[in-house]
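A short write-up of the structure that comes next.
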Amino acid sequence: MGVLDYSFYEADPIELAPLLLNKLIVRGERVGRIVEVEAYRGEEDPASHAFRGMTTRNAVMFGPPGRLYVYFTYGMHWCSNVVCGQDGLARAVLLRAVEPLEGIAQMESARISKGGVVRNLRELARGPARLCQAYSIDGDDNGADIVSGDRGIVITDDGVPPPKKPGVSGRVGIKDAADYPWRFFVSGNTYVSSTPANVPRSA
DNA sequence: CTTTGGATCGTCT
DNA sequence: GACGATCCAAAGG
């Protein structure tokens, strides 16, 4: 229960990613449950921004765990990752979808004020860029400490455990290493994005 | 319902 | 100079 400790984030992203499922992201009034994530493993992962070493853009990924790595892409979108693994290793978990629980009005106005479109609750924070819009996460939040909450963002545990058998599939929107089964989601949850086809575990 | 193409710019080659 | 860890609207079945 409560805010997660730094030690929680020291794990390898493949271990940590499924453990982040069902945790809460909190920023002020805004509270949502994480239902979909992806693991990225730095120099060992052709799809990772850090595959070819450190740059100014990805530097936060190499730093201490328990921070946010926020990046800009497609000329208009922000996406956010939880930095994990030990200090010096470029490891991170991309936050891909959240089930809105509280502060829904604030999430909606945050999206709309940034030119977003809110069709329904399901699409409010479904997808990494929409999630950032809903939480007003942008470049200013790159490097934010999600344990101390120095920028007002924390990840907490409300007692709901991660799924015993999370859904697993390839990661979305990448070309390299598309077959790595490093996307994890809460099976059956409607707030999970659907691409690629949800592949049940056990298989 | 699915498919397709446009928007838009910081970062790396 | 090319291209994204994406989203959205419009067009087609």
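Just so we're on the same page: letters track the sequence lines, and every chain starts at 1.
- Sorted by first and then second residue, the side-chain hydrogen bond (donor to acceptor under 3.5 Å, both in side chains) pairs with a member in residues 8-21 of chain A read A:Asp12-A:Arg41; sequence neighbours excluded.
- Distance A:Asn142 CG to B:dG10 P: 15 Å, rounded to the nearest Å.
- Ring pair A:Phe72/A:His77: centre-to-centre distance not below 6.0 Å.
- Salt bridge absent: A:Asp158 and A:Lys23 never bring a charged side-chain N and a carboxylate O closer than 4.0 Å.
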Return one dot-bracket line describing DNA chain C 5' to 3' (Watson-Crick or G-U wobble pairs, both distances under 3.5 Å; ( ) same strand, [ ] crossing, | another strand, . none). ||||.|||||||.
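- Between the side chain of A:Asn142 and the backbone N or O of A:Gly139, no donor-acceptor pair lies under 3.5 Å.
- In terms of heavy-atom proximity, A:Ala134 sits nearest to A:Arg30 at O-NH1, 2.8 Å.
- To the nearest angstrom, C1' of B:dA7 lies 18 Å from NZ of A:Lys114.
- Applying the side chain to side chain contact (heavy atoms under 4.5 Å, CB included) criterion to A:Asp145, with sequence neighbours excluded, gives A:Tyr6, A:Arg67, A:Val147, A:Ser148, A:Asp150.
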Pairs under 3.5 angstrom, nitrogen or oxygen only, protein versus nucleotides 3-5 of chain C, please.
from	atom 1	to	atom 2	distance (Å)
C:dA5	OP1	A:His49	NE2	2.7
C:dA5	N9	A:Tyr71	OH	3.4
C:dA5	N7	A:Ala47	O	3.4
C:dA5	N7	A:His49	NE2	3.0
C:dA5	N1	A:Asn81	OD1	2.5
C:dA5	N3	A:Tyr71	OH	3.1

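- Atom C1' of C:dC3 sits at a distance of 16 Å from the matching atom of B:dG5, rounded to the whole Å.
- Around atom CD of A:Glu44, more than 12 heavy atoms belonging to other residues, nucleotides or ligands sit under 6.0 Å away.
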For nucleotides 8-12 of chain C, give me every protein contact, N/O to N/O, under 3.5 Å, one pair per line with atom names.
from	atom 1	to	atom 2	distance (Å)
C:dC8	OP1	A:Arg111	NH2	2.8
C:dC8	OP2	A:Arg130	NH1	2.1
C:dA9	OP2	A:Arg119	NH2	2.6

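- Contacts of A:Glu99 classified as salt bridge (charged side-chain N to carboxylate O under 4.0 Å, His left out), with partners at least two apart in sequence or in another chain: none.
- In this structure, the CG atom of A:Leu124 is 13 Å from the P atom of C:dC7, given to the nearest Å.
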